[in-house]
Protein chains: 2
Amino acid sequence: MSDQHALQQFIDFLQAEGKNITRERLDIFNEVLHQKSHFQIKDIIQKKSNSKHRISRATVYRTIKTIEEAGLIKYIRTINDEKIYETVKEHHDHMICEVCGKIMEFYDRDLEDLQNIICNSYHFTPVRHTMKIFGICEGCQKKK
Amino acid sequence: MSDQHALQQFIDFLQAEGKNITRERLDIFNEVLHQKSHFQIKDIIQKKSNSKHRISRATVYRTIKTIEEAGLIKYIRTINDEKIYETVKEHHDHMICEVCGKIMEFYDRDLEDLQNIICNSYHFTPVRHTMKIFGICEGCQKKK
DNA sequence: CAAATAATTGAGATTGTGTCTCAATTATTT
DNA sequence: AAATAATTGAGACACAATCTCAATTATTTG
């Protein structure tokens, strides 16, 4: 998904919700797009409180929430319970290294299928799920 | 695992760590054991600040952390991002109803095996994992 | 056993995250 | 252009969790 397309999705969402398309909102969304794959709110706040057109903390929180509601970002929790956001691409799960904190994404079709089968047997209708595997990444294993 | 056994495990842990076995620690641990399966720290704080031998908020936090380190409890996050603790029994995963908030536990051997296979293919050594499936429980489906 | 040492506790201060309030500003509608 | 509605910024507020430090309690040692 290109940045342009993502931006359009965000604008569509704002319009659908009857929200105004303001400089602040677009500005924060652009900042989100230009972050490295995993970022924290404090990074955005920091960046935006120094920038030329400074934006307040409250507005950053409000807008991040809006982008989340638009389904364009989501967060996971690290080992230290920090919220780490990422832009939503295809669905995937995570492996998190307990040594260096690296976050890896993976997707496995069999796993998804199996989950649906399990839910079925519990008469539970799945909507979404999160799975995190904590362990030691290849690099950290070699270092030891 | 009986409460007696759990208590012994906690005492063993304290001793192994060179920590004193105090009334406050045992008292909080007992409270944890007597909670219903899923509880929150504020429940314990509330109970212990009224009880005969009152215990401070700080000590409750400290002790819950210790019990967690002992591997005897762990927490999950609800839809509202609240921490919900549970005593550690056999490993299991969770289904969480987005309507009523009910938390169900399940265990599936195939799922566990599959996870190990996936990790293997990524050269990642798994230590533990959490999986939460959000959706709608049987009861809430029927209500609609 | 008593003194010395070490660990723990309680109370409240502090930190950090996130939300709320409300006046001022900006955008939209009429 | 005036009236109306939405958004923003600043700081207050709420809450969870941690920290500080003096007072207390437990443990060790002579």
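A note on names: the letters A, B, ... follow the listed sequences, proteins ahead of strands, and every chain is numbered from 1. Just so we're clear, the structure is a prediction, and the values are computed from it rather than from any experiment.
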Trainee: Taking only the side-chain nitrogens and oxygens of B:R54, find out if one of them lies under 4.0 Å from OP1 or OP2 of C:dA11.
Mentor: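 Yes, within the criterion.
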
Trainee: Evaluate the criterion side chain to side chain contact (heavy atoms under 4.5 Å, CB included) for residue pair A:I96 and A:I79; output intermediate values, then yes/no.
Mentor: CA-CA 8 Å; A:I96 303 176; A:I79 339 175; 4.3 Å; yes

Trainee: Can you measure B:D27 atom CG to C:dT9 atom C1' for me and round it to whole angstrom units?
Mentor: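 Taking atom C1' of C:dT9 as the reference, CG of B:D27 is at 13 Å.
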
Trainee: For B:I55, report the nucleic acid contact type (base, sugar-phosphate, nothing); a contact means any heavy atom under 4.0 Å.
Mentor: sugar-phosphate

Trainee: In the structure shown, which nucleotide is the Watson-Crick or G-U wobble counterpart of C:dT19, with both distances under 3.5 Å?
Mentor: D:dA12

Trainee: State whether A:K83 places a side-chain N or O below 4.0 Å from either non-bridging phosphate oxygen (OP1 or OP2) of C:dG18.
Mentor: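 Looking at the OP1 and OP2 atoms of C:dG18, one of them is under 4.0 Å from a side-chain N or O of A:K83.
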
Trainee: Once you round it to whole Å, what is the distance between C1' of C:dT28 and CG of A:L14?
Mentor: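 Value for this atom pair: 15 Å.
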
Trainee: Is there, by distance only and without an angle test, a donor paired with an acceptor across the side chain of B:R62 and the base of C:dG10 below 3.5 Å?
Mentor: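 Indeed there is one.
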
Trainee: Rounded to whole Å, how long is the line connecting atom CG of B:N20 with atom C1' of C:dT5?
Mentor: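 Rounded to whole Å, this separation is 12 Å.
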
Trainee: Compute whether any side-chain donor of one residue and acceptor of the other, for A:Q8 and A:Q4, lie under 3.5 angstrom apart.
Mentor: no

Trainee: Can you tell me if the side-chain N/O atoms of A:T59 get under 4.0 Å from OP1 or OP2 in D:dG9?
Mentor: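 Result: yes.
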
Trainee: Nearest-Å distance, CZ (B:R23) to P (D:dT25)?
Mentor: 10 Å

Trainee: Do A:Y122 and B:D108 have side-chain N/O donor and acceptor atoms under 3.5 Å apart?
Mentor: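 No, no side-chain donor-acceptor contact under 3.5 Å.
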
Trainee: Can you tell me how far C1' of D:dA23 sits from CD of B:E24, to the nearest Å?
Mentor: 13 Å

Trainee: Measure from the side chain of B:I41, starting at C-beta and using heavy atoms only, and say which of C:dG18, D:dT7, D:dA17 lies closest.
Mentor: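 For the B:I41 side chain, the nearest candidate turns out to be D:dA17.
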
Trainee: Using a cut-off of less than 4.0 Å, is there contact between a side-chain N or O of A:T22 and OP1 or OP2 of D:dT8?
Mentor: yes

Trainee: Do the side chain of A:R57 and the base of C:dG18 come within less than 3.5 angstrom through a donor-acceptor pair of N or O atoms?
Mentor: yes

Trainee: Given D:dA26, is OP1 or OP2 found less than 4.0 Å from the side-chain N or O atoms of B:K19?
Mentor: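 B:K19 to D:dA26 OP1/OP2: no side-chain N or O under 4.0 Å.
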
Trainee: Among the nucleotides D:dA6, C:dA11, D:dG9, which one has an atom lying closest to any side-chain atom of B:A58?
Mentor: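 The listed nucleotide nearest to B:A58's side chain is C:dA11.
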
Trainee: If every non-hydrogen atom of A:C137 is compared with every non-hydrogen atom of A:M104, which pair is closest and at what distance?
Mentor: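 Minimum heavy-atom contact is CB-CE, 3.9 Å.
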
Trainee: Does the plane of the ring in B:F29 sit parallel, tilted or perpendicular to the ring in B:F10? Use 30° and 60° as the thresholds.
Mentor: parallel

Trainee: How long is the line joining CD1 of A:I84 and C1' of C:dT17, in whole Å?
Mentor: 14 Å

Trainee: For C:dT28, give the paired nucleotide (Watson-Crick: N1-N3 plus N6-O4 or O6-N4; G-U: N1-O2 and O6-N3; both under 3.5 Å), or none.
Mentor: D:dA3

Trainee: Please determine whether a side-chain nitrogen or oxygen atom of B:Y61 lies at a distance below 4.0 Å from atom OP1 or OP2 of D:dA17.
Mentor: yes

Trainee: Counting only side-chain nitrogens and oxygens, does A:K65 get under 4.0 Å of the OP1 or OP2 atom of C:dT19?
Mentor: yes

Trainee: B:R25 side chain: which of C:dT8, D:dA10, D:dC19 is closest?
Mentor: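 Taking heavy atoms from C-beta onward, the closest nucleotide is C:dT8.
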
Trainee: Classify the ring geometry of B:H91 against B:Y107: parallel below 30°, tilted from 30° to 60°, perpendicular beyond 60°.
Mentor: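 It falls in the perpendicular class, over 60°.
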
Trainee: Starting at atom NE2 of B:H53, determine the distance to atom C1' of D:dT25, rounded to an integer number of angstrom.
Mentor: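 It is 15 Å, rounded to the nearest whole Å.
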
Trainee: Between D:dA5 atom C1' and A:E17 atom CD, what is the distance in whole Å?
Mentor: 17 Å

